[in-house]
Amino acid sequence: MSLSRRTAARSVRMLGVTAASAALALSASGTALACDITEFSAAAACDGTKGVITVTDKDATHVPAVVTVFLENNGADLRQVGEEQTVTGSKKGVAVSFAEDWEPNAEYRVHVVAVKGKKTLVDADITPNVTTPSKACAADDTSIPTTTPSSTPSSTPSSSSSQTAAPPAGTATPSPSPSDSSGDTAAPPAPASNAPSPAAQESNLAETGANSNTGLIVGIAAVLVVVGGGAVFFGMRRRGASHR
């Protein structure tokens, strides 16, 4: 074989090896740039006092991915958490959150579907499943309680309310009636009577009958009556005699 043929054959073999190497390199680089389930991660966290399930996408090819979260119970889906969300990742990572009032040590399954054109790049679960912390999110202790005013009126009146308000100037102040001052209804006055009261009669009897001179006065009155009667009798007799 001449030198020129040997040189040509060697050159062809070198070109073949170079082409094969380039094909392998392109295949490897294409595989590295493709969207993969390993570029997704999930964790349970607290957003203030509320629990959330956060999923992060670090796909540098920016392929949109649909993320769905399920609450697990003994290896089976108990329920879906909220609605599915679409995320477009980046090299630094893009996160989406699912609001969930999770309980301690609960388990969640996160499923990712990424489609580019007509080719499905990812249709798998993030492994392992998400397990929530053993302590629930702390309650919010910074809230200020609202004081509700009591609807029950005070049983003790204030000193200002117990005093009677003074009437305005120029207004005549009515005098209180007897019933207002005494608090009881006054009895009507007794009708006037000419009959002497029992007390008056008793006092007169005491002055006359009970006096020690009562007998003397009665005797003198009887003598005067007899004397007067005798005088009248003798006068009548003398008048009759003079007429005869």
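The model shown is predicted, which means the values in this text are computed figures rather than measured ones. Sequence positions, counted from 1, serve as the residue numbers for this chain.
- Using modelled atom types, one side-chain atom of His62 and one backbone atom of Gly89 make a donor-acceptor pair closer than 3.5 Å.
- In summary, Glu100 and Arg79 engage in a salt bridge, as defined by a charged side-chain N under 4.0 Å from a carboxylate O.
- For Thr38, the side chain to side chain donor-acceptor pair (under 3.5 Å) partners two or more places apart in sequence, or in a different chain, are Asp36.
- A continuous path of Ile, Leu, Val, Met, Phe, Trp and Tyr side chains, each step under 4.5 Å between heavy atoms, connects Val94 with Ile53, placing both in one hydrophobic cluster.
- Atoms CG and CD, from Asp77 and Glu72 in turn, are 4.5 Å apart once rounded to the nearest 0.5 Å.
- Taking CG of Asp47 as the reference point, atom SG of Cys137 lies at 8.5 Å (rounded to 0.5 Å).
- With rounding to the nearest 0.5 Å, the separation of CG in Leu121 from CG in Asp59 is 8.0 Å.
- Gln80 is listed as a side-chain neighbour of Thr68, based on a closest heavy-atom distance under 4.5 Å.
- Residue Val67 is not grouped with residue Val115 when hydrophobic side chains (ILVMFWY) are merged at heavy-atom distances under 4.5 angstrom, including chains of intermediate members.
- With Val110 as the partner, the side-chain contact (heavy atoms from CB on, under 4.5 Å) test is satisfied by one option alone out of Ile126, Val81, Thr127: Ile126.
- A side-chain contact (heavy atoms from CB on, under 4.5 Å) with Val96 holds for exactly one of Thr54, Thr56, Val69, Val55; it is Val55.
- Residues satisfying the side chain to side chain donor-acceptor pair (under 3.5 Å) criterion with Asp125, sequence neighbours excluded, are Arg109, His111.
- The side chain to side chain donor-acceptor pair (under 3.5 Å) test applied to Asn73 returns no partner, not counting sequence neighbours.
- In this structure, CG in Asp57 is found 9.0 Å from OG in Ser41, a value given to the nearest 0.5 Å.
- Residues Thr120 and Asp123 form a side-chain contact, since some pair of their non-hydrogen atoms from C-beta on lies under 4.5 Å apart.
- To the nearest 0.5 Å, atoms CD (Glu39) and OG (Ser90) are separated by 11.0 Å.
- Listed by chain and number, the residues in a side-chain contact (heavy atoms from CB on, under 4.5 Å) with Ala45 are Val52 (sequence neighbours excluded).
- Listed by chain and number, the residues in a side-chain contact (heavy atoms from CB on, under 4.5 Å) with Pro104 are Ala136 (sequence neighbours excluded).
- With sequence neighbours excluded, the residues forming a side-chain contact (heavy atoms from CB on, under 4.5 Å) with Ala106 are Leu71, Tyr108, Thr132, listed by chain and number.
- Nearest heavy-atom pair, Thr86 versus Pro64, reported as atom, atom and distance to 0.1 Å: CG2-CB, 4.2 Å.
- Taking every heavy atom of both residues into account, Ala114 and Val63 meet most closely at CB-CG1, 4.2 Å.
- Linking Ile, Leu, Val, Met, Phe, Trp and Tyr residues whenever their side-chain heavy atoms come within less than 4.5 Å leaves Val113 and Phe70 in two separate clusters.
- For the atom pair Phe98 CZ and Glu84 CD, the distance stands at 8.5 Å (nearest 0.5 Å).
- Within 6.0 Å of the CG atom in Asp101, the count of heavy atoms belonging to other residues, nucleotides or ligands does not exceed 12.
- Minimum interatomic distance between Cys46 and Trp102 (heavy atoms only, all atoms of both residues): SG-CZ2, 3.7 Å.
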